[in-house]
Asker: 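Got a structure here, written out as structure tokens. Questions coming.
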There are 2 protein chains.
Amino acid sequence: MELTTEEKIITAARTIFTQKGFNATRTRDIADEAGINLALLNYYFRSKKNLFRIIIEEKFDELFGMIEPILSDVNVSLEEKIEALAANYTNLLLVNEDLPFFVLSELKSNEYILEKVKKNTRMLSQPVIENQLKERGFTISTLNFIMNIVSLILFPFISKPLFVSTGLVKEEDFTNFVMNRKQHIPTWVMNTLK
Amino acid sequence: MELTTEEKIITAARTIFTQKGFNATRTRDIADEAGINLALLNYYFRSKKNLFRIIIEEKFDELFGMIEPILSDVNVSLEEKIEALAANYTNLLLVNEDLPFFVLSELKSNEYILEKVKKNTRMLSQPVIENQLKERGFTISTLNFIMNIVSLILFPFISKPLFVSTGLVKEEDFTNFVMNRKQHIPTWVMNTLK
DNA sequence: TTTTGATTTAAACAAATGATTAAATCAAAA
DNA sequence: TTTTGATTTAATCATTTGTTTAAATCAAAA
């Protein structure tokens, strides 16, 4: 591998921060995972918090970057929007299972992230959706529509530890489970509109 | 107030543990919240972990205690089951907003809770639901049926910080938002079955 | 009142942990 | 080869935090 020390640290930080969150992460664990000396972490990134910002920014964009472009496109029908969201998110989260929990968790405890959300809050795709719902004669509120879509897509990933530990879903079946849901969610959501 | 020292500590622990989780909670914060000396906490409960067990056990039962009796009752129709779950959970969580996130979070990091889940895993109301779905000619899998209900009910509480910080939901509207959803969820879920 | 055991307090300990320091090493430029 | 600046290391520091200790206080029994 041809990673610089800096890249090794970031890679390790990404792994451990997303797994354990900011507070539960030890700088020593990052150093070990990266195979470097502890002091190097502070030498390159000044502080744990600084390093964390890089990761959370990256993860945040991964999770929320796609939703706005899809929802606000007037040329994409409601059906196509749900399909695109279900497909893209499921694929993303299957290789990044900790992502939703991580972001929601840090949002609760991290001042900095709250600010970031508020800035990027042109999540105002609402008008477009509102129009499309009205045009088709659907009476559901835009907020409920969005909440339902996001719930059905994200919640299985957030609650996976619960469902696996109860035995309701087997670890090895989880991928198939969400891949299958991905295909049903558009129908389910459209059916709620009638 | 007529609380014993022991009760004051438990009350304080409940507040702080559910808000911050096990790791982020400081025994000193519990002591302060309870208005007692730090050493009393160990005098009465031996350790932080011990105190935590009492709280998590309690909260765990609150969150999962109701689901099994409702789902496994053969005399309760599918519609009534969804209604009961939506109503009971919404009411419970409105006065306990941190509960779902807290339990899911601790489930990920707490060995002890995993064991507790596995024991109480006679969450095998599956056969009853499976029958009721089959009888009515619905082809959705039992697992998807349960996952959809739970997602639609719980996710708004888990994602509240996100939706509030984006401005999609105003803090003061949240109660109305979920009270309104509570009434729609049974219809939405039944519509996914067609 | 005296005694006894439970309760409470202030102080301190030990381990964990983020950060810093000073010295060692290395690689490129002169 | 020597020099210079970047990189890396081992050791240490300071703070936080769960827990313990020893003494003080209090309330009930004798």
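The chains referred to below are lettered A, B, ... by the order of the sequence lines, with proteins before strands, and numbering in each begins at 1.
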Asker: Looking only at the aromatic ring of each residue, does the gap between the centers of F174(B) and F157(B) stay below 6.0 angstrom?
Answerer: yes

Asker: In whole Å, I'd like the distance from the NZ atom of K49(B) to the C1' atom of dG18(D).
Answerer: 12 Å

Asker: Can you measure R26(A) atom CZ to dT17(D) atom C1' for me and round it to whole angstrom units?
Answerer: 11 Å

Asker: Please report the interatomic distance CG(L94(B)) to CG(N96(B)), rounded to the nearest 0.5 Å.
Answerer: 10.0 Å

Asker: Identify the two heavy atoms, one from M66(B) and one from E62(B), that lie closest to each other, and give their separation to 0.1 Å.
Answerer: CE-O, 4.5 Å

Asker: Across the strands shown, which category fits L38(B) at heavy-atom distances under 4.0 angstrom: base, sugar-phosphate, nothing?
Answerer: base

Asker: Between T5(B) and dT8(C), is there a side-chain N or O to OP1/OP2 distance below 4.0 Å?
Answerer: yes

Asker: Establish, with yes or no, whether the OP1 or OP2 oxygen of dT17(C) is under 4.0 angstrom from a side-chain nitrogen or oxygen of T27(A).
Answerer: no

Asker: Rounded to whole angstrom units, what separation is found between the CD1 atom of I9(B) and the P atom of dT9(C)?
Answerer: 10 Å

Asker: Would you say R28(A) reaches dT17(C)'s phosphate, i.e. side-chain N/O to OP1/OP2 under 4.0 Å?
Answerer: no

Asker: Within less than 4.0 Å of OP1 or OP2 of dT19(D), is there a side-chain N or O belonging to N42(B)?
Answerer: yes

Asker: Atom CD of E6(A) and atom P of dA6(D): how far apart are they, to the nearest Å?
Answerer: 14 Å

Asker: Please report the interatomic distance CD(E7(B)) to CZ(R14(B)), rounded to the nearest 0.5 Å.
Answerer: 10.0 Å

Asker: In terms of heavy-atom contacts, does CZ of R136(B) have more than 12 from other residues, nucleotides or ligands at under 6.0 Å?
Answerer: yes

Asker: Please confirm whether the shortest side-chain N or O distance from Y44(A) to OP1 or OP2 of dA6(D) is below 4.0 Å.
Answerer: no

Asker: Could you state the CD1-P distance from I36(B) to dA6(C), rounded to the nearest angstrom?
Answerer: 19 Å

Asker: For a quick check of understanding: with a heavy-atom distance under 4.0 Å over all strands, which category does Y43(A) fall into, base, sugar-phosphate or nothing?
Answerer: base

Asker: Closest heavy-atom contact between D29(A) and I16(A)?
Answerer: O-CD1, 3.4 Å

Asker: Between C1' on dA11(D) and CG on N37(A), what's the gap in Å once rounded to a whole number?
Answerer: 10 Å

Asker: Can you tell me how far C1' of dG18(C) sits from CG of L41(A), to the nearest Å?
Answerer: 10 Å

Asker: Taking for each residue the nucleotide of DNA chain C bearing the nearest heavy atom, is the 5' side occupied by L40(B) or by A39(A)?
Answerer: L40(B)

Asker: Stems involving DNA chain D: give each as a range paired with a range, ordered by first number, where a stem means at least three consecutive Watson-Crick or G-U wobble pairs under 3.5 Å.
Answerer: C:1-30 with D:1-30

Asker: Taking CD from E7(A) and P from dT7(D), how many angstroms apart are they, rounded to a whole number?
Answerer: 13 Å

Asker: Is any side-chain N of the basic residue among K8(B) and E33(B) closer than 4.0 Å to the acidic one's carboxylate O?
Answerer: no

